[in-house]
Trainee: 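My structure is below; once you've seen it, I'll send some questions.
Chain letters run A, B, ... following the sequence lines, proteins first, then strands; residues in each count from 1. Keep in mind that this is a model prediction, so the values were computed, not measured.
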Number of protein chains: 2
Amino acid sequence: MKADVKSVLGWLLAIALACASTLVRAQDPLPSWNDGHAKQRIIAFVAAVTDKASRDFVPPTERIAVFDNDGTLWSEQPAYVQLAFVVDRLKALAPQHPEWKTQQPFKGVLEGDPKAAAAAGEKGLLQMLMATHAGMTADEFAQTVKDWLASARHPRFKRPYTELVYQPMLELLAYLREAGFKTYIVSGGGVEFMRVFAEQRYGVPPEQVVGSTIRTKYEVRNGTPVIVRLPEVDFIDDGAGKPVGIHKFIGKRPIAAFGNSDGDFEMLEWVTSAPGPRLGLVVHHDDATREFAYDRRSPIGRLERGLDEGPRRGWTIASMKGDWKRVFPFEP
Amino acid sequence: MKADVKSVLGWLLAIALACASTLVRAQDPLPSWNDGHAKQRIIAFVAAVTDKASRDFVPPTERIAVFDNDGTLWSEQPAYVQLAFVVDRLKALAPQHPEWKTQQPFKGVLEGDPKAAAAAGEKGLLQMLMATHAGMTADEFAQTVKDWLASARHPRFKRPYTELVYQPMLELLAYLREAGFKTYIVSGGGVEFMRVFAEQRYGVPPEQVVGSTIRTKYEVRNGTPVIVRLPEVDFIDDGAGKPVGIHKFIGKRPIAAFGNSDGDFEMLEWVTSAPGPRLGLVVHHDDATREFAYDRRSPIGRLERGLDEGPRRGWTIASMKGDWKRVFPFEP
């Protein structure tokens with residue numbers, strides 16, 4: 001009997017604890033963020049701009065948050081995902097282009113000699129980009145990206161790239177939207193590449209994806225109108241191009257910006273230097289165990305000015321190692 | 001006593017009629033549209049795409065409607081409003097540009113000789129555009145437009161241009177938004193010109209205004225970041241440029257399009273030639289009494305192909321004279 005009472009008490013206690021833990025979890029909008037400065041800063045900012053009694057209150061129409069994509073929402077190492085797409089597409093298209101066997105940068109890519117390909121410089125990169133991104137309709141391109149994303153695997157994690165999104169950032173996107181924010185992606189990546197997965201993966205619809213574009217033209221083919229992708233750069237949404245892209249596509253100055261590299265510097269500067277409450281946050285990749293560790297000397301996602309000037313500009317540096325309880329959704 | 005009863009009955013009848021009329025008005029989402037084909041077509045379309053039981057149901061995320069601005073949402077005669085702005089700005093800036101006294105097209109504009117100015121052709125128009133639209137920050141430009149709109153008056157109606165918006169179209173915008181549509185402007189006009197009044201006048205926020213753009217650059221001036229407007233055309237959102245602009249800025253194919261001239265032809269074609277329920281509507285300016293009458297031979301807002309091909313493409317031609325009970329909000 002005594003044992004029974006104990007057992008019942010034990011059950012009740014367990015249930016109470018489970019309830020309490022569920023309650024705490026329900027109240028924590030960012031469960032994959034460790035308690036610390038970054039998390040506190042985000043929560044305090046959102047509380048202030050949504051509190052009608054606060055002098056920092058911001059009406060919902062002005063609650064615009066912009067997110068870089070590569071390295072901020074998903075992994076960009078060991079190479080940008082879109083670059084992996086380019087390489088795979090070149091290989092798939094090679095049989096139709098026998099001339100690539102002798103032409104750089106194509107030769108280098110096809111022979112698995114990235115140094116030879118890289119030697120072709122920016123012009124070479126542009127050639128590869130146009131060979132894989134132009135000359136088809138917009139619908140055809142989107143389908144190609146979709147098919148590729150379904151089959152391609154990250155070299156280290158052996159998973160689809162769309163699984164290599166950061167769980168803490170997914171929570172942050174949802175938290176901001178819950179607080180009445182309109183969340184935008186503002187990335188150096190191609191708009192039409194990102195739009196294929198941004199809605200499903202991040203909850204960001206096509207009209208809220210700002211990125212680099214190539215020119216397109218409208219054409220009626222046998223009575224059917226199509227948008228055709230042309231081999232000409234239209235706009236590069238990187239560095240000082242980011243505030244320009246924001247101004248062009250959104251036409252409002254966001255109040256929160258999230259990035260991870262110096263390519264996001266001007267975007268963070270543009271957003272945080274306006275009067276009123278502003279949030280700027282830089283994801284610092286310092287976790288080689290769970291993801292990758294890189295900053296000042298990395299050719300991809302280099303972060304130097306942001307680390308040096310960010311703190312004195314009031315930007316929050318979020319440490320992947322220290323601030324993130326979990327990195328990827330697939331972690332236990 | 002008998003007279004009293006009559007009087008009471010009369011009052012009751014009057015009240016009942018007033019109530020009934022209010023009820024009918026409340027149920028009519030488009031009170032400034034006369035009952036007729038155009039109004040019926042709009043209402044049937046909205047009913048179909050919002051009815052979950054209908055095979056034409058369209059989920060809210062895909063309910064995108066695009067509206068031309070000049071001649072579709074506000075008057076474009078006797079000249080585009082933005083052109084009136086250009087002329088007034090040239091006059092205001094003339095003291096700083098003594099060289100304009102001898103240079104066309106400036107000389108013609110300043111001397112009130114539009115023919116001489118027009119003789120400078122497209123190059124001349126571009127020169128005037130750049131002289132008035134570039135060389136300042138985006139904020140400065142927006143303020144100039146705002147100030148001008150507050151003081152400028154339409155030559156015939158003697159009212160601010162922002163009062164010359166079409167009441168039936170304001171009702172249509174509101175009706176579509178009420179039905180879960182995201183309403184966009186897609187206009188040949190300048191994005192940064194339209195954004196100044198689109199939100200207040202049409203309820204269309206800056207991020208839903210697509211239009212022509214000039215190039216801009218990001219610059220930090222004495223520690224303050226600004227967007228500077230450059231004298232270079234970036235994108236012309238007219239004719240075949242409209243589907244391109246829609247694809248670039250929205251990234252989805254709208255299901256409803258509203259225009260008034262052949263500059264909207266490709267937009268209407270792009271929208272209405274996709275499978276599924278689609279609505280295309282052309283405002284026909286055939287009311288010289290209340291507004292202006294023009295179509296096939298007008299240099300501004302020419303409508304020829306739309307009239308010839310529209311009906312067989314399933315587009316609704318709305319007659320300003322016959323379909324609109326009221327044209328402007330200021331009418332009694």
Trainee: Tell me, for A:E219 versus chain B, whether the close heavy atoms (under 4.5 Å) come from the side chain, the backbone, both or neither.
Mentor: neither
Trainee: Give a yes or no on this: more than 12 heavy atoms of other residues, nucleotides or ligands lie within 6.0 Å of atom CD of B:E178.
Mentor: no
Trainee: At what distance, to the nearest 0.5 angstrom, does CD1 of B:I250 lie from CZ of A:F249?
Mentor: 11.0 Å
Trainee: Of the backbone (N, CA, C, O) and the side chain (C-beta and beyond), which part of A:Y184 lies under 4.5 Å from a heavy atom of chain B, both, or neither?
Mentor: side chain
Trainee: Which residues in residues 199-206 of chain A have a heavy atom less than 4.5 Å from any heavy atom of chain B?
Mentor: A:E199, A:P205, A:P206
Trainee: Does a side-chain heavy-atom distance below 4.5 Å link A:K182 with B:E207?
Mentor: yes
Trainee: For a quick test of reading the model, state the closest non-hydrogen atom pair linking B:A240 to A:Y218 and the distance between them.
Mentor: O-CB, 3.5 Å
Trainee: Measure the shortest side-chain to side-chain distance between A:D234 and B:K248 over non-hydrogen atoms and say whether it is less than 4.5 angstrom.
Mentor: yes
Trainee: Evaluate whether atom CZ of B:R215 has more than 12 neighbouring non-hydrogen atoms of other residues, nucleotides or ligands under 6.0 angstrom away.
Mentor: no
Trainee: How about B:H247 and A:E192: do any of their side-chain heavy atoms sit closer than 4.5 Å?
Mentor: yes
Trainee: Top residue by heavy-atom pair count (under 4.5 Å) with chain A, among B:Q208, B:R195, B:E269, B:E266?
Mentor: B:R195
Trainee: Do you know the tightest heavy-atom contact between B:R253 and A:P225?
Mentor: NH2-CG, 4.3 Å
Trainee: Does a side-chain heavy-atom distance below 4.5 Å link B:I227 with A:W270?
Mentor: yes
Trainee: Heavy-atom distance under 4.5 Å to chain B: side chain of A:V220, backbone, both or neither?
Mentor: side chain
Trainee: With a strict 4.5 Å heavy-atom criterion, list every residue of residues 272-282 of chain A that contacts chain B, or say none.
Mentor: A:S273
Trainee: Can you say whether A:K242 sits under 4.5 Å from chain B via the side chain, the backbone, both, or neither, judging by heavy atoms?
Mentor: neither
